[in-house]
Amino acid sequence: MPMTVISNNSYDLVVIGSGPAGQKAAICAAKMRKKVAVIERKRTIGGVCVNTGTIPSKTFREAVLYLSGLRQRTFYGRGYAVKDQIAMQDLVFRSDAVMAREIEVIKSQLRRNRVTVLEGNARFIGDHTVEVASDFGSTVVHGEYFVIACGTRPAHDEQIPIDGKRIFDSDQVHDLQELPRELIVVGAGIIGLEYASMFAALGVKVTLLDQRPIMLDFADREIVESLCFQLRQLGTVFRLGEKVVAVGFDEARDRVFAKLESGKKVQGQALLYAVGRRANSDQLNLEAIGLHPDERGKLKVDEQFQTSVPYVYAAGDVIGFPALASTSMEQGRLASCHIFGVAATIPPNLIPYGVYTIPEISMVGATEEQLTREKIPYEVGIARYAELAKGQMLGDDQGFLKLIFDPSTLKLLGVHIIGDRAAEIVHIGQAVLAMGGTIEYFRDTVFNYPTLAEAFKVAALDGLNKL
Ligand SMILES: Cc1cc2nc3c(=O)[nH]c(=O)nc-3n(C[C@H](O)[C@H](O)[C@H](O)COP(=O)(O)OP(=O)(O)OC[C@H]3O[C@@H](n4cnc5c(N)ncnc54)[C@H](O)[C@@H]3O)c2cc1C
């Protein structure tokens with residue numbers, strides 16, 4: 001491969017990766033009039049978020065909800081569907097359109113802010129210096145500062161024969177040629193659960209396996225129990241606390257199987273392997289600058305997203321939990337702010353979590369379990385969607401919103417929601433939490449009617465009635 005060294009290839013900030021963390025780090029620095037380059041090894045920009053993760057999966061979910069007619073079944077009966085025979089092509093068609101538009105939006109934002117996009121694989125070759133290699137040759141780029149936002153890829157295991165057809169990972173869901181009749185999902189983390197619920201809503205018989213006995217351990221237990229109940233209603237079978245020891249394909253029977261440590265054998269037409277993700281830092285030659293990731297490739301950073309090498313910052317999935325597009329964007333922005341001397345922080349207890357299962361879950365603030373552990377007294381107010389006019393109109397009679405508050409000061413401590421639009425309305429609670437407000441705000445505020453937002457008022461009244 002020819003090597004071209006361009007002497008003026010020097011930037012104030014070099015960002016590795018064009019996902020949410022990289023984009024926001026770059027744009028934030030560019031707005032401070034810095035000379036910025038983003039290096040992306042893929043042909044398309046946007047990272048996992050736009051190309052294989054958030055955007056395709058959430059658009060897929062919208063297509064599932066629409067075509068399956070799931071929300072309408074409360075009114076028109078269990079057999080109702082907008083389309084009788086739903087094919088994978090029907091589901092991914094919508095994702096392709098949304099992804100193409102998102103890519104255009106990102107390209108235009110980077111262009112408007114005069115961020116240079118360099119295509120190629122970046123690897124450190126010395127202090128402040130990376131080599132960017134593509135099919136067209138190599139370039140050496142010099143950066144005063146770096147933000148590593150190289151993201152992750154699905155973690156694979158040599159024992160799991162992933163072929164992208166019958167045994168596939170979350171990056172390959174959209175390439176499936178046909179919708180399986182039965183699906184085994186290995187891994188009940190957020191990604192595994194989201195896809196399990198989408199396939200279950202399509203009428204696929206789903207079996208969910210995880211060696212951990214508890215799912216979504218950061219979420220409110222009552223909410224998780226409700227999720228399990230609703231997924232069982234869709235025919236999902238849970239095998240939790242069960243370790244998968246082998247996965248294979250039985251050619252004679254044309255079946256995929258997963259053997260469990262307990263001796264059970266689960267069979268199906270296809271298997272989704274969704275057991276964690278591995279950071280892409282292994283391809284960056286970080287030894288050249290004395291940086292050492294952990295065994296999953298994650299980089300350690302301080303509160304300002306600075307690594308142990310002072311001119312190198314890291315943001316997004318490469319630094320680990322919570323590994324969300326929402327938090328990655330903010331981390332990228334904050335890293336740039338710190339690099340160029342602008343004060344900014346994320347209040348840690350105000351990060352919202354959205355889990356786009358069917359039904360949707362969202363939360364912000366403390367859980368009952370956390371407060372109990374910390375011996376902090378609390379009271380709870382609940383609003384059930386079945387009691388809200390809007391909940392009934394939407395056909396969601398299972399959803400609920402829970403407010404957790406301090407019984408003596410009435411200060412809001414946490415908000416937990418399962419049901420339609422949970423991830424949207426949680427932000428009302430987040431705003432009150434950020435202001436240090438009390439649940440009296442919800443009692444004394446007029447909400448549009450009928451809305452799901454009204455659940456905040458109903459839950460506040462329920463909580464106050466308990467005192
Ligand atoms: C199925 C799925 C569903 C998800 N759903 C949600 C959701 O609903 N909400 C949410 O908030 N989050 C969701 N996420 C998580 C979200 O996608 C990630 O948190 C987010 O994309 C991380 O952003 P990032 O910038 O850290 O990295 P990424 O988006 O992974 O981007 C990293 C980029 O760096 C590039 N790169 C890597 N190494 C190099 C190199 N050496 N040289 C040049 N380029 C390099 C990669 O090609 C990639 O484009 C989901 C993830 C998955 C997998």
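Counting starts at 1 for both ligands and their atoms, following the listed order. It should be emphasised that the depicted structure is a prediction, and the values quoted were computed from it without experimental measurement. Values reported hereafter were calculated over all heavy atoms of this structure, with side chains retained and with hydrogens, waters and symmetry mates removed.
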Side-chain polar contacts of residues 228-238 - donor-acceptor pairs under 3.5 angstrom, sequence neighbours left out - could you list them?
residue, atom, partner, partner atom, Å
Gln230, NE2, Ser226, OG, 3.1
Thr236, OG1, Leu231, O, 3.1

Nearest option to atom 2 (C) of ligand 1, as decided by whichever heavy atom of Gly53, Gly316, Pro154, Ala149 sits closest: Gly53
Heavy-atom proximity to atom 37 (C) of ligand 1, best of Ala423, Cys150, Pro352, Gly120: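 Nearest option to atom 37 (C) of ligand 1, by heavy atoms: Cys150.
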What about [X]: any of its N or O atoms under 3.5 Å from an N or O on ligand 1?
{"X": "Ala21", "result": "yes"}
{"X": "Val318", "result": "no"}
{"X": "Asp317", "result": "yes"}
{"X": "Ala323", "result": "yes"}
{"X": "Ser326", "result": "yes"}
{"X": "Lys58", "result": "yes"}
{"X": "Val48", "result": "yes"}
{"X": "Glu40", "result": "yes"}
{"X": "Ala325", "result": "yes"}
{"X": "Arg41", "result": "yes"}

Would [X] count as a contact residue for ligand 1, given that I'm defining contact as a non-hydrogen atom of the residue lying under 4.0 Å from a ligand atom?
{"X": "Ser57", "result": "yes"}
{"X": "Ser281", "result": "no"}
{"X": "Arg123", "result": "no"}

Here's one to test your reading of the geometry: is the NZ or CZ of Arg384 within 45 degrees of the ring axis of Phe400 and under 6.0 Å from its centre?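 That pair qualifies as a cation-pi contact.
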Distance-only polar pair, side chains of Lys31 and Asn113, donor-acceptor under 3.5 Å: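 Short answer, yes.
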Thr367 and Asp220: side-chain donor and acceptor closer than 3.5 Å? no
Do Leu240 and Ile214 come within less than 4.5 Å of each other through their side chains, counting heavy atoms only? no
Would you call [X] and [Y] a salt bridge, using N to O less than 4.0 angstrom?
{"X": "Glu144", "Y": "Lys34", "value": "no"}
{"X": "Arg333", "Y": "Glu330", "value": "yes"}
{"X": "Glu222", "Y": "Lys402", "value": "yes"}
{"X": "Arg43", "Y": "Glu119", "value": "yes"}

Backbone N or O of Asp12 within a donor-acceptor pair of the Tyr145 side chain at under 3.5 Å? no
Is there a donor-acceptor pair closer than 3.5 Å between any side-chain N or O of Asp396 and the backbone N or O of Gln398? yes
Counting each atom of ligand 1 from 1 as listed, which ones have a heavy atom of [X] under 4.0 Å away?
{"X": "Leu284", "result": "41 (N)"}
{"X": "Lys42", "result": "47 (O)"}
{"X": "Gly17", "result": "33 (C), 34 (O), 35 (C)"}
{"X": "Gly47", "result": "29 (O), 31 (O), 48 (C), 49 (O)"}
{"X": "Thr152", "result": "30 (O)"}
{"X": "Arg277", "result": "53 (C)"}
{"X": "Asn121", "result": "40 (C), 41 (N), 42 (N)"}
{"X": "Tyr356", "result": "8 (O)"}

Considering non-hydrogen atoms of the protein only, which is the closest contact for [atom], and what is the distance?
{"atom": "atom 41 (N) of ligand 1", "value": "Ala122 O, 3.1 Å"}
{"atom": "atom 27 (O) of ligand 1", "value": "Gly151 CA, 3.4 Å"}
{"atom": "atom 24 (P) of ligand 1", "value": "Pro20 CD, 3.9 Å"}
{"atom": "atom 9 (N) of ligand 1", "value": "Thr54 CG2, 3.6 Å"}

Full working for salt bridge (charged side-chain N to carboxylate O under 4.0 Å, His left out) between Arg153 and Asp171: CA-CA 8 Å; Arg153 59 183 183 269; Asp171 278 4; over 6 Å; no
Is the distance from the ring center of Phe124 to that of Phe146 below 6.0 Å? yes
Result for side-chain contact (heavy atoms from CB on, under 4.5 Å) between Val355 and one of Val224, Ile418, Leu227, Ile361 points to Ile361
Shortest non-hydrogen contact between Asn121 and Arg41, atoms and distance: OD1-CD, 3.3 Å
Atom pairs and distances, donor-acceptor, side-chain atoms in residues 182-192, under 3.5 Å, two or more places apart:
residue, atom, partner, partner atom, Å
Glu182, OE1, Arg255, NH1, 2.8
Glu182, OE1, Gln269, N, 3.0
Glu182, OE2, Arg255, NH1, 3.4

Heavy atom under 4.0 Å from ligand 1: found in Ile45's side chain, backbone, both, or neither?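 Looking at Ile45 and ligand 1, no heavy atom falls under 4.0 Å.
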